Amino acid sequence: MKVLVLNSGSSSIKYQFYDMKKSQVLAKGIVDKIGLAGSTLTHTRSDGDKVELEGEIVDHQAGIEFVLGVLVSKKHGSIKDLSEIDAVGHRVVHGGEYFQSSVILDDDSISKIEKCSQLAPLHNPPNLKGIYAMKEFLPDAPQTAIFDTAFHQTMPDYAYMYAIPYSLYKKYGLRRYGFHGTSHYYVSKTACEFLGVDYTKQRIITCHLGNGASITAIKNGKSIDTSMGLTPVEGMMMGTRSGDLDLGVLTYLIEKEELSVASANTLINKHSGLLGISGISSDMREVEKASDEGNERAKLALEVFYYRILKYIGSYTAVMGSVDIIVFTGGIGENSAKTRKSICERLAFIGLKFDEKINEKTRGKLECITDNDSPTKVLVVPTDEELVIANETMRLLA
Ligand code: AMP
């Protein structure tokens with residue numbers, strides 16, 4: 001069984017092609033700068049063969065035609081014919097309140113994803129473009145949708161409600177949904193398998209710290225709260241997103257700086273977070289480097305970042321009554337020993353026994369960074385959202 005996993009963004013399409021029988025990634029790649037000058041397809045096969053193709057990739061349809069073309073190409077491909085693609089799994093960002101889990105796509109589910117576009121206008125429309133194109137090119141292959149929001153649909157109402165008039169929740173679906181669901185699910189489950197404990201009996205806090213960042217409380221296998229909300233701008237401070245912000249700051253700036261709604265949106269999404277405070281970069285490596293060199297604003301940006309993680313861990317520990325496992329994932333969580341150290345050292349008050357030496361050595365691999373007798377275990381788990389999508393596709397088709 002061969003499954004193609006597609007993550008179709010506004011100007012890029014990322015893909016991975018799996019042979020599920022052999023548990024092997026046959027090929028992966030990215031179509032970049034769709035609709036812009038200099039669009040490219042970078043394709044890597046499992047044997048290391050790598051090719052970069054330039055071409056006029058005017059839209060998602062053309063991008064997918066490129067992807068399918070390279071998959072069957074004699075020189076760089078992995079299959080002889082498109083009929084060898086047994087199924088396509090799509091990452092879909094927003095499933096609103098319609099989807100509690102992944103689905104096999106049909107007209108009804110596609111029309112519901114279209115309805116959710118108003119909640120994620122930047123994400124769902126390009127996800128849908130990938131779906132429409134694949135349906136056209138591979139009409140006989142079943143297609144699935146795996147939602148970033150679905151894992152968080154188990155949140156209780158008191159966790160997802162905003163304290164605004166209830167009528168607005170009913171009218172527009174304005175509530176907290178949460179994102180990165182496939183990642184939070186995968187890393188929490190993997191952590192339990194690694195430790196040999198029952199997933200349905202643990203209190204887990206997963207910290208997905210990448211360019212986008214979110215933290216989730218998972219009790220007995222279910223997401224009960226998460227830091228992102230209606231949109232991915234709520235919660236943790238991120239590379240360029242502000243995270244939690246007094247709304248009064250925005251109304252103040254809109255008035256004082258005469259900002260349009262679009263500019264205010266850009267301010268909190270693109271010019272804030274690590275970049276906004278440090279003035280150096282949204283990239284954690286750059287900010288850490290500047291901080292090590294003594295840059296005060298870089299130091300401050302890191303302190304704010306750590307402080308906010310700690311506050312979320314503290315509040316989610318209170319919400320669950322305790323915490324058995326904390327997981328770090330995402331580019332920062334998996335690689336920044338400095339971030340993990342700053343957090344774990346401040347959690348000694350819950351009895352956590354942090355192993356600094358193991359932490360220092362751990363980069364991008366599954367590892368426990370606490371002592372065996374630590375009441376709360378801390379794990380680094382590399383996330384693999386594509387694999388979850390491929391596995392979910394297999395589960396649905398079975
Ligand atoms: P992601 O969005 O999950 O790809 O994560 C991107 C973030 O991970 C960026 O802020 C990177 O700077 C950060 N990152 C990647 N490698 C490292 C590293 N070795 N140390 C610190 N941060 C890293």
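Keep in mind the model is a prediction, meaning the values are calculated, not measured. In each ligand, atom 1 is the first atom listed, and ligand 1 is the first ligand listed.
Cation-pi geometry between Arg175 and Tyr177 is satisfied (NZ or CZ under 6.0 Å from the ring centre, within 45° of the ring normal).
Between Asp292 and Lys338 there is a salt bridge, since at least one side-chain N of the basic residue sits less than 4.0 Å from a carboxylate O of the acidic one.
Using a distance-only test at 3.5 Å, with no hydrogens or angles considered, no donor-acceptor pair links the side chain of Asn269 to the main chain of Arg241. A side-chain donor-acceptor contact under 3.5 Å links Thr393 to the backbone of Ile389.
Under 3.5 Å, the side chains of Asn391 and Tyr18 contain no donor-acceptor pair of N or O atoms. Between Glu234 and Tyr162, the side chains place a donor N or O and an acceptor N or O closer than 3.5 Å (distance only, hydrogens not considered). Side chains of Thr383 and Tyr186: no donor on one and acceptor on the other come within 3.5 Å.
Here the protein heavy atom with the shortest distance to atom 18 (C) of ligand 1 is Asn335 CB, 3.4 Å. For atom 13 (C) of ligand 1, the nearest protein heavy atom (residue, atom name, distance) is Ile332 CG1, 3.6 Å. Scanning the protein heavy atoms around atom 14 (N) of ligand 1, the nearest turns out to be Gly331 O, 3.6 Å.
Ligand 1 has a nitrogen or oxygen under 3.5 angstrom from a nitrogen or oxygen of Met284. Polar contact check, Arg285 against ligand 1: a nitrogen or oxygen pair lies under 3.5 Å apart. Remark: ligand 1 and Gly330 share no N or O pair separated by less than 3.5 Å (distance only, no angle test). In terms of polar-atom proximity, Asp283 is counted as a contact of ligand 1, with an N or O under 3.5 Å from an N or O of the ligand.
Which parts of ligand 1 touch Glu288 is read off a 4.0 Å heavy-atom cut-off, strictly below it: atoms 21 (C). Listed by atom number, the atoms of ligand 1 under 4.0 Å from Gly210 heavy atoms are 1 (P), 2 (O), 3 (O), 5 (O). Using a 4.0 Å cut-off to heavy atoms of Asn211, the atoms of ligand 1 that qualify are 1 (P), 2 (O), 5 (O), 6 (C).
For atom 4 (O) of ligand 1, the nearest protein heavy atom is 4.0 Å or more away.
For an aromatic pair to be called close, the ring centres must be under 6.0 Å apart, and Phe179 with His94 satisfies this.
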